[in-house]
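Worth saying up front: this structure is predicted, and the values here are computed from it rather than measured. Counting from 1, the numbers follow the sequence of the chain as shown. The analysis underlying the following values was restricted to heavy atoms, covering all of them including side chains, and did not include hydrogens, waters or symmetry mates.
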Amino acid sequence: MIKVITLVLASSFLLFGLTACDPEVGSKDWCLAMKEKPKADWSANEAADFAKNCVLASD
């Protein structure tokens, strides 16, 4: 039972650690990453966020 709990906790921490590395949507780093990502791999939400935050943004 302890091994199962340890495995679940370790898996949770690993998953959390991997997702925390992505830049925040709309940040300059995110815009640069999206420019490098093939447009065929973009989701509809990513395309909309890119247009809103990287193309139409008035910085």
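The ring pair (Phe, Tyr, Trp, His ring centres under 6.0 Å) pairs that include a residue from residues 27-46 are W42-F50, where partners are two or more places apart or lie in different chains.
Taking K37 as the reference, E46 meet the side chain to side chain donor-acceptor pair (under 3.5 Å) condition, with sequence neighbours excluded.
The OG1 atom of T6 sits 10.5 Å away from atom CE of M1, with the distance rounded to the nearest 0.5 Å. With values rounded to the nearest 0.5 angstrom, K35 atom NZ is found 7.0 Å from C54 atom SG.
At distances below 3.5 Å, not a single donor-acceptor pair connects side-chain atoms of S27 with backbone N or O atoms of P23.
Residue G26 comes nearest to C31 through the heavy atom pair O-SG, 4.2 Å, listed as atom of the first residue, atom of the second, then distance.
L32 and V55 fall into different hydrophobic clusters, where Ile, Leu, Val, Met, Phe, Trp and Tyr residues are linked whenever their side-chain heavy atoms come under 4.5 Å apart, directly or through other members.
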